[in-house]
A.B. asks: 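Pasting a structure below so you can have a look.
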Amino acid sequence: MIAFEFAAQFLFPYAPDWRSNLITSLFTSGLAVIIAYFPLNNYYSTATKLSSEVERRHVVENELREREEQLRRTFDQSPVGSGILSTALRFTRVNDTLCAITGYTPEELLSQSITSILLPEEINQVITCTETLKRGDANGDESDLHLVRKNGDKIWVHQSIRLIREDDGTPLYFIPMYLDINDRKLTEDALQKTNKKLSILSAITRHDIRNQLTGLSVFLQLMKNEFQNDPVLQNYVVKLIACSDAIERQIEFTRNYEALGSATASWFDVYRGIFEEAQHLPLEGITVDTGVKGYSIYADPLIGKVYYNLIENSLRHGDHVTKIAFTMNETENGLEILYTDNGVGIQPLEKEKIFLRGYGRNTGLGLFLIREILATTGINITEIGTHGAGAQFEIIVPKGAYRFSES
């Protein structure tokens, strides 16, 4: 009551009565509220902030749990066999698909290393791959190899492996993924064997036909020399020789066409390919611009025949060709390789027909083969020149199927 009595003396120095007591009570109550407000307000503000922080943390924790659950389900239920390998190449986690591929239970896989389910001759390949990833020489690796199932069967898989690192670059673990491609590999193997048999049969047939053609050509030449004074017979012999030559060209075409697509497509330097093919053609008095160096295209190994046949067509049908040029330009559709000459050009109605098999003044196979070779990797060719101003063939290499290197 000390504060109350002090306030009473200060506010009402007269003898206390009900009025003084009322005034004093009101003053001291207000003073108490004011004194208590500031610490209580700070406490309330702090409590409110803590409550908001706790609520926010709960939200974040729930989101993290949901994401972890989502990632766990994605890993466990993935249609691709997946696992986690320690840097010592031992499984620390596997999913159901990998167990189905290998025939092992999760517990059995977790008790062994990856080398135990590989063919002995492919173990070094995988170890070398992981060491390369550890050194940082590559970000990942993909390859086709075998896994050995629990029952001893070998199965083809496509392996894709990545190395996960700490922020400071320290290797943490590997994530290998396996796609079952056994059926595809068996089909490819059967197809390769069938193609090999057909190739052998075709080669034998071509060889036998050529032997017969050689004999036919010899006898025709003898007849031509023997009956030089018989113009009718000479005319027949000349026509028969022409037929024999046409058969020879057809046989050569079947050999080239059989090789089309049989070898794996790869990257080929355009400038080098044009330069090498031009060396095999009679270009006396003709200037050839082989274009810009540095471009490579993804094409069939027969790509050289494209350059060869384009130049040969100009020599054969251009009449007065003295200039041939290859130019390369990057467009929104891809890489444009433009072939031009200063010959007579192509008639408007023949621009598409010249690519048909059998059409033309010679064998009718050159441009047909060119389009087929290019089409194996999605490359397109059209004739866009003006008749009278020379032939102009536009080759469009799609994006992703060409690259440029200044080296």
Side-chain angles (χ1 to χ4, degrees), residues 60-196 264-266:
V60 172
E61 289 174 357
N62 288 335
E63 289 179 353
L64 286 175
R65 278 194 293 269
E66 290 177 1
R67 291 179 183 178
E68 288 176 357
E69 182 64 18
Q70 186 179 34
L71 289 174
R72 185 190 65 79
R73 289 179 179 175
T74 301
F75 179 85
D76 291 342
Q77 300 178 26
S78 170
V80 177
S82 303
I84 295 178
L85 286 175
S86 69
T87 53
L89 303 185
R90 298 193 67 85
F91 284 110
T92 59
R93 187 170 179 178
V94 294
N95 70 354
D96 293 340
T97 305
L98 183 57
C99 293
I101 291 174
T102 62
Y104 288 98
T105 65
E107 292 75 18
E108 290 172 329
L109 284 176
L110 294 175
S111 65
Q112 53 190 318
S113 70
I114 190 175
T115 56
S116 63
I117 59 172
L118 296 173
L119 285 181
E121 57 268 29
E122 294 179 342
I123 291 177
N124 286 337
Q125 173 188 338
V126 174
I127 292 177
T128 301
C129 163
T130 56
E131 292 300 322
T132 300
L133 296 179
K134 285 181 183 179
R135 290 194 304 270
D137 295 341
N139 295 323
D141 181 78
E142 295 191 15
S143 60
D144 294 344
L145 47 76
H146 293 89
L147 292 183
V148 181
R149 292 174 55 84
K150 184 178 180 179
N151 61 5
D153 291 344
K154 295 182 295 183
I155 182 172
W156 275 105
V157 295
H158 179 75
Q159 174 188 263
S160 176
I161 187 167
R162 297 291 185 274
L163 175 62
I164 306 302
R165 298 177 181 273
E166 289 273 17
D167 292 338
D168 62 0
T170 303
L172 284 176
Y173 52 86
F174 295 98
I175 297 182
M177 291 179 286
Y178 299 97
L179 180 64
D180 185 348
I181 59 171
N182 198 58
D183 290 344
R184 191 193 80 189
K185 282 289 187 178
L186 293 177
T187 302
E188 289 177 354
D189 183 59
L191 184 60
Q192 287 177 357
K193 290 178 179 178
T194 301
N195 286 338
K196 186 176 181 179
T264 304
S266 186

A.B. asks: Please report the interatomic distance OG1(T115) to CD1(I127), rounded to the nearest 0.5 Å.
C.D. replies: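 Separation between the atoms: 6.5 Å.
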
A.B. asks: Going by heavy atoms in the side chains, are D76 and R93 under 4.5 Å from each other?
C.D. replies: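 Side-chain contact under 4.5 Å: yes.
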
A.B. asks: Among all residues two or more places apart in sequence or in another chain, which pass the side-chain contact (heavy atoms from CB on, under 4.5 Å) test with T87?
C.D. replies: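 Only K134, P171 meet the side-chain contact (heavy atoms from CB on, under 4.5 Å) criterion with T87.
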
A.B. asks: Looking at SG of C129 and CD of Q159, how far apart are the two atoms once the value is rounded to the nearest 0.5 Å?
C.D. replies: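 C129 SG to Q159 CD: 6.0 Å, rounded to 0.5 Å.
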
A.B. asks: From I123 CD1 over to T128 OG1, what is the distance, rounded to the nearest 0.5 angstrom?
C.D. replies: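 If I round to the nearest 0.5 Å, the distance is 11.5 Å.
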
A.B. asks: Under 3.5 Å, is there a donor-acceptor pair between the side chain of N95 and the main chain of V80?
C.D. replies: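 Such a contact is found between N95 side chain and V80 backbone.
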
A.B. asks: Look up atom OG1 in T102 and atom CD1 in I117, then write down how far apart they are to the nearest 0.5 Å.
C.D. replies: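 So the gap between those two atoms works out to 6.0 Å.
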
A.B. asks: Quick one: side-chain contact (heavy atoms from CB on, under 4.5 Å) partners of S86, sequence neighbours excluded?
C.D. replies: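 Only A88, R90, T92 meet the side-chain contact (heavy atoms from CB on, under 4.5 Å) criterion with S86.
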
A.B. asks: Listed by chain and number, what are the side-chain contact (heavy atoms from CB on, under 4.5 Å) partners of N139, not counting sequence neighbours?
C.D. replies: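 side-chain contact (heavy atoms from CB on, under 4.5 Å) list for N139, sorted by chain: empty.
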
A.B. asks: So Y178 and I155, do their side chains get closer than 4.5 Å, heavy atoms only?
C.D. replies: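 Not touching, per the 4.5 Å side-chain cut-off.
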
A.B. asks: Please give me the minimum heavy-atom distance between R165 and G136, naming the atom from each residue.
C.D. replies: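 Distance-wise, the nearest heavy atoms are NH2-N, 3.6 Å.
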
A.B. asks: Could you pull out every donor-acceptor pair under 3.5 Å between side chains of residues 143-150 and any protein atom, sequence neighbours left out?
C.D. replies:
{"residue": "S143", "atom": "OG", "partner": "Q125", "partner atom": "NE2", "Å": "3.4"}
{"residue": "D144", "atom": "OD1", "partner": "H158", "partner atom": "ND1", "Å": "2.7"}
{"residue": "D144", "atom": "OD2", "partner": "K185", "partner atom": "NZ", "Å": "3.4"}
{"residue": "H146", "atom": "ND1", "partner": "E122", "partner atom": "OE2", "Å": "3.1"}
{"residue": "H146", "atom": "NE2", "partner": "W156", "partner atom": "NE1", "Å": "3.3"}
{"residue": "R149", "atom": "NH1", "partner": "A100", "partner atom": "O", "Å": "3.2"}
{"residue": "R149", "atom": "NH1", "partner": "I101", "partner atom": "O", "Å": "2.5"}
{"residue": "K150", "atom": "NZ", "partner": "E108", "partner atom": "OE1", "Å": "3.3"}
{"residue": "K150", "atom": "NZ", "partner": "E108", "partner atom": "OE2", "Å": "2.8"}

A.B. asks: Count the heavy atoms of every other residue, nucleotide or ligand shown that sit under 6.0 Å from CZ of R67, and state whether that count exceeds 12.
C.D. replies: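 No - once you tally the heavy atoms of other residues, nucleotides and ligands closer than 6.0 Å, there are 12 at most.
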
A.B. asks: Looking only at side-chain N and O atoms, does D153 offer a donor or acceptor that is under 3.5 Å from a partner on N151?
C.D. replies: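 Indeed, the side chains of N151 and D153 share at least one donor-acceptor pair under 3.5 Å.
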
A.B. asks: Calculate, to the nearest 0.5 Å, the distance between atoms CZ and CG belonging to F75 and L98 respectively.
C.D. replies: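 Result: 8.0 Å between the selected atoms.
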
A.B. asks: What's the shortest heavy-atom distance between T97 and G81, and which atoms?
C.D. replies: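 The pair with the smallest heavy-atom distance is CG2-N, 3.5 Å.
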
A.B. asks: Just verifying a value: how many Å separate E166 CD and L172 CG, rounded to the nearest 0.5 Å?
C.D. replies: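 Atom-to-atom, E166:CD and L172:CG are 4.0 Å apart.
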
A.B. asks: Suppose we screen for side-chain contact (heavy atoms from CB on, under 4.5 Å). Which residues come up paired with E69, at least two apart in sequence or across chains?
C.D. replies: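 If we apply the side-chain contact (heavy atoms from CB on, under 4.5 Å) test to E69, skipping adjacent residues, the hits are R72, R73.
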
A.B. asks: Only one of I164, L89, I84 clears side-chain contact (heavy atoms from CB on, under 4.5 Å) with F174; which?
C.D. replies: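 The residue from I164, L89, I84 that satisfies side-chain contact (heavy atoms from CB on, under 4.5 Å) with F174 turns out to be L89.
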
A.B. asks: Give a yes or no on whether E63 atom CD has more than 12 heavy-atom contacts from other residues, nucleotides or ligands under 6.0 Å away.
C.D. replies: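 Yes.
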
A.B. asks: For S113, does its backbone N or O pair with a side-chain atom of S116 as donor and acceptor, under 3.5 Å?
C.D. replies: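 Judged by distance alone, yes, a pair lies under 3.5 Å.
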
A.B. asks: For I161, does its backbone N or O pair with a side-chain atom of D141 as donor and acceptor, under 3.5 Å?
C.D. replies: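 Answer holds: no.
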
A.B. asks: Holding to side-chain hydrogen bond (donor to acceptor under 3.5 Å, both in side chains), I want the full list of residues that pass it with D168, two or more places apart in sequence or in another chain.
C.D. replies: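 Result, side-chain hydrogen bond (donor to acceptor under 3.5 Å, both in side chains) vs D168: T170.
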
